[in-house]
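Along the sequence shown, residues carry numbers from 1.
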Amino acid sequence: MSKKKFNPSEWVSDKTKQIPQSQESLQSLCTNSDIEEITRRIESSSVDIAPNYADWRDLGFALADALGESGRSYFHRLSKFYPSYNQSETDKQFDNCLKAHGHGITIKTLFHLAKQAGIEISNLQIAKLPNCQNGDLAILAKSERIILQNSDKIKHDSDPSSFSEELETTSLPVFPDDIYSLLPDFLQQITRNAISPEDADLLLLGSLVVLSACMPNVYGIYGGVTVYPNLFLFVSAQASAGKGRLTLCRHLVEPIHHRLRESYKIEMEEYRRKQAEYVANKKNPDAEQPQEPPLRTLFIPANSSATSVYQVLNDNKGVGLMFETEGDTLANTFKSDYGNFSDGFRKAFHHETISYNRRKDREFVELQSPRLSAVLSGTPRQILTLIPDAENGLFSRFIFYFMNVRLVWNNVFANDGADTLDSTFCRIGEQFYDLYKILQTSPPIRFCFSKPRQDEFNAFFDDVQKQYAALFGLDIVASVRRLGLITYRIAMILTTLRIYDDGNISTTMVCNDADFRTALAMVNVLLQHTAKVFQTLPQQNPQPASAPEPELLRRQFLDQLPPEFNRQTYLAVAQKLGIPPKTAENHIKRLSSQNLIIHYAHDKYKKP
């Protein structure tokens, strides 16, 4: 593997270069007096500008690149505000930075870290340069970070595809490939249209959630209460990352929605005819005024008033589906006086009774066992708009999935002349409508796990609950517990779709091993996506800025440890994740005290 320093100028034209490549050009951006001045300001504020290892490493690279050996004293001066500052460890880190020759990190990173920590830099020379105005300093520092993360992995320095491929390695995990061959045939018809692993996950999750709203008479007993398949999903991604393909899943249940609307139209025409007759014969004492038919629909707009949402659910026997491609549509509705049905939304997840007043007839209504499903998508910022903090009850009720950004241009003409994806999904939706009609006329069907699967399920979530509580605190426990219910519901949907495969319809459905394994494998990945969202939300008791490592990194450290290991092994895992040896040792001590690993002999550890 080449140790050559990654040079983006091989691919980027002179007109688009933003990162200076020579030592002389770096010195033109920043003088030694700037470095001395910003160091003094940091010292007077007594602030740690590099609270995690990645920032500390980059700070060393920045000083080594700009000043060489002369940067060592500044590295010590800026590192001493870290609570666990160690002189020898800091010297060793700077030695490594000198040997690495910077890896593309420049002195701009120092000023970016300082500004990020609240240090004023506006009257320094670097802040007066044209390419450092309006937040570009952060963009340049981020660009350097990307280069650093990938420079050690470049296999062919002249091939730009290797750079784009490596950008994907830092993303959140996707579902294991092998679960797709285990899916019911109905879902395989859907996921085979995927164009990437993330897209396959998106189509699978979107399909499961829209179908969860359309499985009448299917239920299970979980925690001693009756539960139905309904799920809430929020797919988050940057603009143009591909989350728009989620709309394909809507086609799967549109046949049900359209037939409900047609039925309502016929009922309304009959109502208007009878109403006209009633008005014409109002003097007849035996005339009976007709009742307006209930509103038949599957989809419920998110920008509806609270009373309207509850009324539609009531008219449709508690069943409804919200499908919004912009998550802030629902967030804005919750903020309004007329549309704040957040409490009802949360109750619907557990099918709890919702009470409301019908203004038209001044009638008090109790909506029993609401069965609402929801599909939302949006940017990460829209999650914060909908869910303001980690203690908000909405957070733990959602499946969260972060789509990875892939620097791949898809062939936009691949289906030119063939059936469109819209027509393909509509055709699959017509197939599902046949199953929907069968379930409508069937007696209640109870879903369940076998006794061995119940024991395995309980053991799995008992272990996960302990791990995540230890790593992220008690606030995440509600999400872990509800992901247990979500796992059960996913398995319920998979088993119901097996009716397509075997034609077996009975009053009891026992989850088979394939569907059980699939559901657990999916939720094992979704737990990590949930943790990602959890860390972006404001915490009730936030960690101090000087926390040495993010909790997610500690979780990754634990996950990547083998079943049995020694000190040499865990230090190798730590190095791979960019965790300093001393921090890794502290992680091992903490994990041992929490019984997440067992220290059973000298230099011998194992996972329970």
Side-chain angles (χ1 to χ4, degrees), residues 153 155 161-162 164-211 231 233 235-237 241-246 248-249 252 377 399-411 414-415 421 424-425 428 453 456-457 460 464 483 486-495 497-498 500-501 511-532 552 555-556 558-563 573 576-577:
K153 303 175 185 176
K155 299 177 183 177
S161 64
S162 60
S164 63
E165 289 170 1
E166 294 303 329
L167 281 177
E168 301 174 29
T169 63
T170 59
S171 302
L172 285 169
V174 296
F175 296 150
D177 288 340
D178 55 7
I179 72 166
Y180 286 95
S181 61
L182 301 176
L183 293 173
D185 181 68
F186 180 82
L187 291 174
Q188 291 191 38
Q189 291 183 61
I190 295 168
T191 56
R192 69 171 61 113
N193 294 284
I195 57 177
S196 70
E198 292 84 4
D199 192 48
D201 294 357
L202 178 78
L203 295 179
L204 176 56
L205 285 171
S207 300
L208 289 172
V209 179
V210 297
L211 299 178
L231 297 167
L233 169 68
V235 175
S236 178
K243 62 182 181 294
R245 283 168 61 90
L246 192 64
L248 293 170
C249 301
L252 300 175
S377 65
I399 298 170
F400 288 100
Y401 188 87
F402 265 74
M403 289 196 70
N404 301 325
V405 177
R406 302 172 61 250
L407 295 183
V408 176
W409 181 267
N410 296 313
N411 180 4
N415 293 328
L421 287 172
T424 298
F425 276 71
I428 298 174
R453 298 292 79 78
E456 186 174 348
F457 179 92
F460 175 84
V464 166
L483 277 167
I486 287 168
T487 306
Y488 183 78
R489 287 173 168 172
I490 289 174
M492 188 188 307
I493 298 167
L494 295 174
T495 302
L497 292 174
R498 291 288 175 190
Y500 276 116
D501 298 346
C511 182
N512 67 26
D513 286 349
D515 293 337
F516 180 80
R517 301 291 172 212
T518 297
L520 279 188
M522 290 175 64
V523 171
N524 200 35
V525 171
L526 294 174
L527 279 161
Q528 298 177 61
H529 286 250
T530 298
K532 167 71 173 180
L552 185 58
R555 166 69 189 184
Q556 292 172 342
L558 176 61
D559 284 346
Q560 293 190 26
L561 291 173
V573 171
K576 179 180 176 183
L577 294 172

Check: Closest heavy-atom contact between Pro173 and Val525?
Finding: O-CG1, 3.4 Å
Check: Tell me, do Leu211 and Leu497 make a side-chain contact under 4.5 Å, heavy atoms counted?
Finding: yes
Next item on the list: Looking only at non-hydrogen atoms, find the nearest pair between Ala491 and Cys511 and report the distance.
Entry: CB-SG, 4.0 Å
Next item on the list: Check Phe425 against Leu252 and note the closest heavy-atom contact, atom names and distance.
Entry: O-CD2, 3.7 Å
Next item on the list: Considering non-hydrogen atoms only, spot the tightest contact between Leu208 and Ile490 and give its length.
Entry: CD1-CG2, 4.2 Å
Next item on the list: Would you please test Leu494 and Arg498 for side-chain contact (heavy atoms from CB on, under 4.5 Å) and show each step?
Entry: CA-CA 7 Å; Leu494 295 174; Arg498 291 288 175 190; 5.7 Å; no
Notebook entry, point to check: Given the rule in the side-chain contact (heavy atoms from CB on, under 4.5 Å) test, do Val464 and Val523 qualify, once you have shown the distances and angles that lead to the verdict?
Noted result: CA-CA 11 Å; Val464 166; Val523 171; over 6 Å; no
Item checked: Test item: Leu205 and Leu526 side chains (from C-beta on) under 4.5 Å apart, heavy atoms -> yes
Next item on the list: With Tyr180 as reference, evaluate Asp201, Thr191, Thr518 under the side chain to side chain donor-acceptor pair (under 3.5 Å) test and give the passing residue.
Entry: Asp201
Next item on the list: Specify the closest pair of heavy atoms between Leu483 and Thr487, including all atoms of both residues, with the distance to one decimal.
Entry: O-OG1, 2.6 Å
Checklist line | Reported CG-to-OH distance for the pair Leu202 and Tyr401, which is rounded to 0.5 angstrom | finding: 8.0 Å
Check: Got a second to check how far Thr495's OG1 is from Phe516's CZ, nearest 0.5 Å?
Finding: 11.0 Å
Notebook entry, point to check: When rounded to the nearest 0.5 angstrom, what is the spacing between CD in Gln189 and CG in Leu187?
Noted result: 9.0 Å
Notebook entry, point to check: Above 12 or not: heavy atoms from other molecules or residues under 6.0 Å from CG of Asp501?
Noted result: yes
Check: Atom CG in Leu203, atom CD1 in Ile190: separation rounded to 0.5 Å?
Finding: 8.0 Å
Notebook entry, point to check: Of the non-hydrogen atoms in Lys243 and Ala237, which two are nearest, and what is the gap between them?
Noted result: NZ-O, 3.4 Å
Notebook entry, point to check: How long is the gap from CD1 on Ile428 to CG on Asn193, to the nearest 0.5 Å?
Noted result: 6.0 Å
Note to self: Please check this pair: side chain of Ser181 against backbone of Asp178, looking for a donor-acceptor N/O pair closer than 3.5 Å.
What the structure shows: yes
Margin query: Would you compute the distance between atom CE of Met403 and atom CG of Leu246 and round it to the nearest 0.5 angstrom?
Written below: 9.0 Å
Next item on the list: For the residue pair Phe175 and Asn524, establish whether any side-chain heavy-atom pair is separated by less than 4.5 Å.
Entry: no
Next item on the list: Run the ring-centre check on His529 versus Phe400 and record whether the distance is less than 6.0 Å.
Entry: no
